[in-house]
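Atom set for the values below is all heavy atoms of this structure, side chains included, hydrogens, waters and symmetry mates excluded. Just follow the structure's listing: the first ligand is 1, and inside any ligand the first atom is 1.
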Amino acid sequence: MKYSPIGIFDSGYGGLTVLREIVKTLPGYDYLYLGDNARSPYGPRDFDTIYHYTLECVQYLLGQGCPLVILACNTASAKALRNIQQLALPQIAPGRRVLGVIRPTAEVIGQFSQTNKVGVLGTVGTVRSESYLLEIGKFFPELEVFQQACPMWVPLVENGELEGEGVAFFVKKYLHELLERAAGIDTLLLACTHYPLLQPIIQRYLPEHINIIAQGGIVAESLKDYLHRHPEIDIKCSKNGQRTFHTTGSPEDFDGHAAVFYGQKIASVHVNCAKTGTILQHLED
Ligand code: DGL
């Protein structure tokens, strides 16, 4: 049986919120999820480190036979995707593809706002990269975008802290900082794949007229459209309905937390992506 799954990568658990939606939209495909839990969070790290870690993980997924890899991580999409697409991939595996989550989100976000003012919550890395400002500007130049970094949220989510006073403190803190500057927003984009796990508590402290938008469904629809437009990639993706989960961290921790993100029990395997090194390895297409 041919096994060439679609690779889904995130620094940790967050990409599972995207995979969950992709699986609902495209259930027939095989998926290999990789969480770099051992080195998460990526958000506060510098450009070179994020590129280096993401490239190692992408090389690992390509080495496992993935014809297509989705960076289901905004931070990696903001800081590593372009170099991977333009510099690394042509050398490693020119016939494969690596896609991110920022562009598909930017393509539709303006459709959700009546006031033409949206808030974008992300990691420090995503916010500093200004990728959302740039990409949204291409599709909705009239849209006013207010960014807010939420550096404490990913560590809380990675540790399974989704409720309680400590979480509430940091949810209120960043929402307050944003809303002080962003009067008039009616749409709030969760531009980090970890944040949908905090959606119930974010909702609690957000004025009712502001709609929260998570990326999972948007990315899933965009992938469906991409595969439709690129039959040469689609044909390389195996379709046996298999889901496989790899983590650079502890499988026990992964399985315990991941069920919450994915909505189902998971049995993951520990892998070491750093083994692939930073040297570009040529792979057959
Ligand atoms: N889930 C990642 C994102 O969408 C961030 C996680 C991290 O900081 O490692 O940006």
Side-chain angles (χ1 to χ4, degrees), residues 7-22 33-58 69-82 84 98-106 109 119-135 147-162 167 170 174 188-199 202 212-220 222-223 245 247-249 253-254 257-258 260-262 273-274:
I8 308 286
F9 165 73
D10 183 51
S11 61
Y13 302 114
L16 290 167
T17 63
V18 176
L19 177 62
R20 191 171 57 192
E21 296 303 321
I22 290 178
Y33 184 89
L34 174 63
D36 193 8
N37 299 77
R39 302 187 289 195
S40 171
Y42 279 17
R45 297 186 193 276
D46 62 71
F47 182 95
D48 282 347
T49 307
I50 294 172
Y51 175 62
H52 168 93
Y53 287 177
T54 306
L55 179 58
E56 285 182 343
C57 291
V58 166
V69 173
I70 310 292
L71 302 186
C73 174
N74 289 271
T75 311
S77 298
K79 298 211 156 191
L81 179 63
R82 191 196 296 194
I84 287 178
V98 180
L99 305 174
V101 290
I102 295 180
R103 184 158 178 127
T105 309
I109 190 66
V120 171
L121 303 178
T123 66
V124 171
T126 299
V127 166
R128 286 213 186 123
S129 76
E130 299 197 345
S131 298
Y132 271 99
L133 301 183
L134 199 81
E135 290 296 325
Q147 300 195 100
Q148 175 68 42
C150 310
M152 284 302 290
W153 287 6
V154 170
L156 287 166
V157 170
E158 281 287 307
N159 287 289
E161 297 286 339
L162 308 177
V167 183
F170 285 107
Y174 301 136
L188 186 64
L189 172 65
L190 305 183
C192 171
T193 54
H194 281 67
Y195 298 173
L197 269 292
L198 296 175
Q199 193 163 336
I202 295 171
I212 300 179
I213 307 292
Q215 290 175 299
I218 295 172
V219 174
S222 163
L223 176 61
F245 299 89
T247 173
T248 59
D253 289 349
F254 190 89
H257 288 135
V260 182
F261 289 72
Y262 189 59
C273 295

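Backbone and side-chain nitrogen or oxygen atoms of Thr123 are examined, and none is located within less than 3.5 angstrom of a nitrogen or oxygen of ligand 1. Considering backbone and side-chain N/O atoms, Gly43 comes within less than 3.5 Å of an N/O atom of ligand 1.
Nearest protein heavy-atom contact of atom 3 (C) of ligand 1 is Asn74 N, 3.2 Å. The protein non-hydrogen atom at the shortest distance from atom 1 (N) of ligand 1 is His194 ND1, 2.7 Å. For atom 2 (C) of ligand 1, the nearest protein heavy atom (residue, atom name, distance) is Cys73 SG, 3.3 Å.
Classified by interplanar angle (parallel below 30°, tilted 30° to 60°, perpendicular above 60°), the ring pair Tyr13/His257 is perpendicular.
The main-chain N or O of Ala72 is found under 3.5 Å from a side-chain atom of Thr193 such that the two form a donor-acceptor pair. The backbone N or O of Val127 lies less than 3.5 Å from a partner atom in the side chain of Gln147, making a donor-acceptor pair.
Less than 4.0 angstrom separates some heavy atom of Thr75 from each of these atoms of ligand 1: 3 (C), 5 (C), 10 (O). In the vicinity of Val154, heavy-atom distances shorter than 4.0 Å reach the ligand 1 atoms 6 (C), 7 (C), 8 (O).
With a 4.0 Å cut-off on non-hydrogen atoms, Asp10 touches ligand 1 through its side chain and not its backbone. With a 4.0 Å heavy-atom cut-off, ligand 1 is reached by the side chain of Ser11 but not by its N, CA, C or O.
For the side chain to side chain donor-acceptor pair (under 3.5 Å) criterion with Asn74, the lone passing option out of Tyr132, Tyr42, Tyr195 is Tyr132.
When ring centroids are compared, Tyr33 and Tyr262 stay outside the 6.0 Å threshold.
Checked against side chain to side chain donor-acceptor pair (under 3.5 Å), Thr17 has no partners two or more places apart in sequence or in another chain.
Within 6.0 Å of the CZ atom in Arg128, the count of heavy atoms belonging to other residues, nucleotides or ligands does not exceed 12.
Ligand 1 is never approached by Gly12 to a heavy-atom distance shorter than 4.0 Å.
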